[in-house]
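Written below as structure tokens is the structure these notes are about.
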There are 2 protein chains.
Amino acid sequence: MATGSRTVRPRSSVWLSERKAPKRKGDQQPVGLDHVKIVAATMRLLDAEGLSGFSMRRLAAELGVTAMSVYWYVETKDHLLELALDAAMGEIALPAEAVGPVESQEHSPAEPRDWREQLRQLAAEYRQVMVRHSWLPALLGEYLNIGPNAVGFSNAALAVMRNSGLPDDKITSALSLVYQFVYGFGTIEGRFAARCRAAGLTQDELFHETMSSVADRMEFDESRKIMKARGGNTVEEMRDRDFTFALDLAIAGIEALRDR
Amino acid sequence: MATGSRTVRPRSSVWLSERKAPKRKGDQQPVGLDHVKIVAATMRLLDAEGLSGFSMRRLAAELGVTAMSVYWYVETKDHLLELALDAAMGEIALPAEAVGPVESQEHSPAEPRDWREQLRQLAAEYRQVMVRHSWLPALLGEYLNIGPNAVGFSNAALAVMRNSGLPDDKITSALSLVYQFVYGFGTIEGRFAARCRAAGLTQDELFHETMSSVADRMEFDESRKIMKARGGNTVEEMRDRDFTFALDLAIAGIEALRDR
DNA sequence: ACCTGAACACCGTTCAAGT
DNA sequence: ACCTGAACACCGTTCAAGT
């Protein structure tokens, strides 16, 4: 996370300071740049080069513009990364039942889906976005994460968990178990996927390469044994099974402790 | 994680390359620097300034030495951070029952502690080290994490989970649920603790300040309601309860699905 | 209103040189 | 064997200036 400012950092968030220059009053003709284009280019660059490959200067080059032009639209690099973060969170599809104000939920279909199904869907979406954008976990760990899309996601997660029947004072805890798990899982999975992309290897190839690089170390004997027991044909398959069953465990725990 | 090398990175780990210069053959008198001193200073700097405040040049200054001296002992900044990472992992106290080779476990006390108690201890230790060293989560997400202490921790975690009675092919999944949860939890808790230290505020002070900065945003209404329901007098108390109950949920899930 | 250029105070790391 | 100094190719950001 060496991405922040170098000093003690006053640490304001984009979402806590008024936006810069989105007010193009009158009808001047818009020129090359704007917020949308900048954030899109930022995400493209982050996807391609990772967080450490991203710089304001690289971004400016990508946009065919001088290094400082971007600063007209964005206060700092940190603010820009927060915008990218929230844009990525916006890619998460929310279950229809869990979105919008309460009144609209009165009109929801007579057969609302099971909370467990909704939770699994939301967790899968969250996981996927972190694998697709492997820079996301680092930013999620770095910033306040109170952009509109992040808040929408949190509220959806909360709404779903409410349907579990868990008492109100246990909801934050259960949310924490599920989504911190997915966050951690997505972090390592995303990193692995990024390393594969960078090395031009499939997940299986990189996995076996990594395994063989520690083949002679007996401290790994226990891990190897248990990884073998886990079975599965491909790395992806093993990971999917781990993910699915871990969620099953969490759900089973919630159901078990729901009524004491 | 803008901490890596700028290019595509060949990405060798310290643990996969022979060490630099720890072989001071003969009995030359040792001079100022050595691995231990360097890693200790690194951790001190990281604790004080965070990952973004750490640089090879700041470290050298701290050691009263020129910028390039450190490179005699350490190949790159990344390698040094991997060493700091593993040193931090070494602060985790492992349950006596879960450490060492199998034979020594035959001699373990007649009354080995419950696996749930051991799991709770290990999780608490892991959480604590991330709060103490708030730079740790970022590094854990960045590097391979196959240093001796990290492997020792993994093996201990595995040994404990084995005692749960879960079938072998479900162990990785359960480990993932528990420790990825703790990782995610520790990440945000560590960041919050670091921000408090930087701002010179208590956790409660910063918490209420953050809350009031979004007081007028109704998107947060639901979160506020549920945070209120959670109760607790201090932020630390709420967090401890969340953590403890989340682990209870995980454990209950494991027990529920243990025998199908 | 929008963009540029030069400059400042930093980075990690290489490399030739000192002792 | 260990440490230095100068240099290279980068950073984020400020600030005065252009159109």
Side-chain angles (χ1 to χ4, degrees), chain A residues 1-12 14 19-35 37-38 42 45-46 49-82 142, chain B residues 1-12 14 19-35 37-38 42 45-46 49-82 142:
Chain A
M1 247 150 268
T3 203
S5 49
R6 240 169 282 287
T7 54
V8 199
R9 73 174 67 171
R11 219 82 236 328
S12 71
V14 221
R19 300 292 265 287
K20 224 179 166 181
K23 31 169 182 204
R24 185 180 288 106
K25 60 188 170 188
D27 36 345
Q28 257 111 330
Q29 75 284 29
V31 255
L33 256 42
D34 61 49
H35 255 108
K37 244 180 251 178
I38 289 173
T42 299
L45 238 169
L46 286 170
E49 315 276 357
L51 201 42
S52 68
F54 176 82
S55 78
M56 295 302 270
R57 289 165 135 107
R58 291 269 288 110
L59 172 66
E62 198 81 0
L63 291 165
V65 104
T66 206
M68 286 312 299
S69 309
V70 182
Y71 281 93
W72 180 260
Y73 299 91
V74 132
E75 207 151 309
T76 62
K77 184 188 179 187
D78 282 298
H79 281 199
L80 178 52
L81 291 177
E82 277 191 276
E142 175 80 358
Chain B
M1 244 147 275
T3 203
S5 48
R6 241 168 283 286
T7 55
V8 200
R9 73 174 68 172
R11 217 86 235 327
S12 70
V14 221
R19 300 291 266 288
K20 225 178 164 182
K23 30 166 184 206
R24 185 180 287 106
K25 61 189 170 186
D27 36 345
Q28 257 110 328
Q29 75 283 27
V31 255
L33 256 41
D34 60 51
H35 255 109
K37 244 180 249 177
I38 289 173
T42 299
L45 237 171
L46 286 169
E49 314 276 358
L51 201 40
S52 68
F54 176 81
S55 78
M56 296 302 271
R57 289 167 135 107
R58 290 269 287 110
L59 172 66
E62 197 81 359
L63 291 164
V65 104
T66 206
M68 286 311 301
S69 309
V70 181
Y71 282 94
W72 180 259
Y73 299 91
V74 132
E75 207 150 311
T76 62
K77 185 189 178 187
D78 282 298
H79 281 199
L80 178 52
L81 290 177
E82 278 192 275
E142 175 81 358

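To find a chain, count down the sequence lines: A is the first, B the second, and so on, and within it residues start at 1. As the structure is a prediction and not an experimental result, all values here were calculated from the model.
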For this session: Write down the distance between CE (A:Met56) and P (D:dT13), rounded to a whole number of angstrom.
Result: 6 Å

For this session: In whole angstrom, give the distance that lies between atom CG of A:Asp78 and atom P of D:dT13.
Result: 7 Å

Exercise. What integer distance in Å separates A:Tyr71:OH from C:dA6:P?
Worked result: 18 Å

For this session: When you get a sec, tell me which of D:dG5, D:dT13, C:dC2 is the closest nucleotide to the side chain of A:Thr76?
Result: D:dT13

Exercise. Which residues pass the side chain to side chain donor-acceptor pair (under 3.5 Å) test with B:Arg57, sequence neighbours left out?
Worked result: none

For this session: Round to the nearest Å and state the distance from A:Arg57 atom CZ to D:dT14 atom C1'.
Result: 12 Å

Problem set entry | Phosphate OP1/OP2 of D:dC11: any A:Ser55 side-chain N/O under 4.0 Å | yes

Exercise. Think B:Trp72 has a side-chain N or O under 4.0 angstrom from the OP1 or OP2 of D:dC3?
Worked result: no

Exercise. Mind checking who C:dA17 pairs with, Watson-Crick or G-U wobble, both distances under 3.5 Å?
Worked result: none

For this session: Measure from CE on B:Met68 to P on D:dT4 and round the result to the nearest Å.
Result: 11 Å

Seminar exercise, completed: Across every strand shown, the nucleotide meeting Watson-Crick or G-U wobble geometry with C:dG12 (both distances under 3.5 Å) is D:dC8

For this session: Dump the intermediate steps for side chain to side chain contact (heavy atoms under 4.5 Å, CB included) on A:Ile38 and A:Asp34, then the final yes or no.
Result: CA-CA 6 Å; A:Ile38 289 173; A:Asp34 61 49; over 6 Å; no

For this session: Calculate the interatomic distance between B:Phe54 atom CZ and C:dG12 atom C1'; express it in whole Å.
Result: 11 Å

Seminar exercise, completed: Whole-Å distance, B:Arg58 CZ to C:dA9 C1', equals 14 Å

Problem set entry | Pair assignment for C:dC3, Watson-Crick or G-U wobble, requiring both distances under 3.5 Å | none

Exercise. When you measure from the side chain of A:Thr76 to the backbone N and O of A:His79, does any donor-acceptor pair fall under 3.5 Å?
Worked result: yes

Problem set entry | A:Lys77 NZ to D:dT14 P, straight-line distance once rounded to whole Å | 14 Å

For this session: Output yes when a side-chain donor or acceptor of B:Glu49 lies under 3.5 Å from a complementary backbone atom of B:Phe54, and no otherwise.
Result: no

Exercise. Any donor and acceptor pair, going by atom type alone, linking the side chain of B:Ser55 with main-chain N or O of B:Arg58 inside 3.5 Å?
Worked result: yes

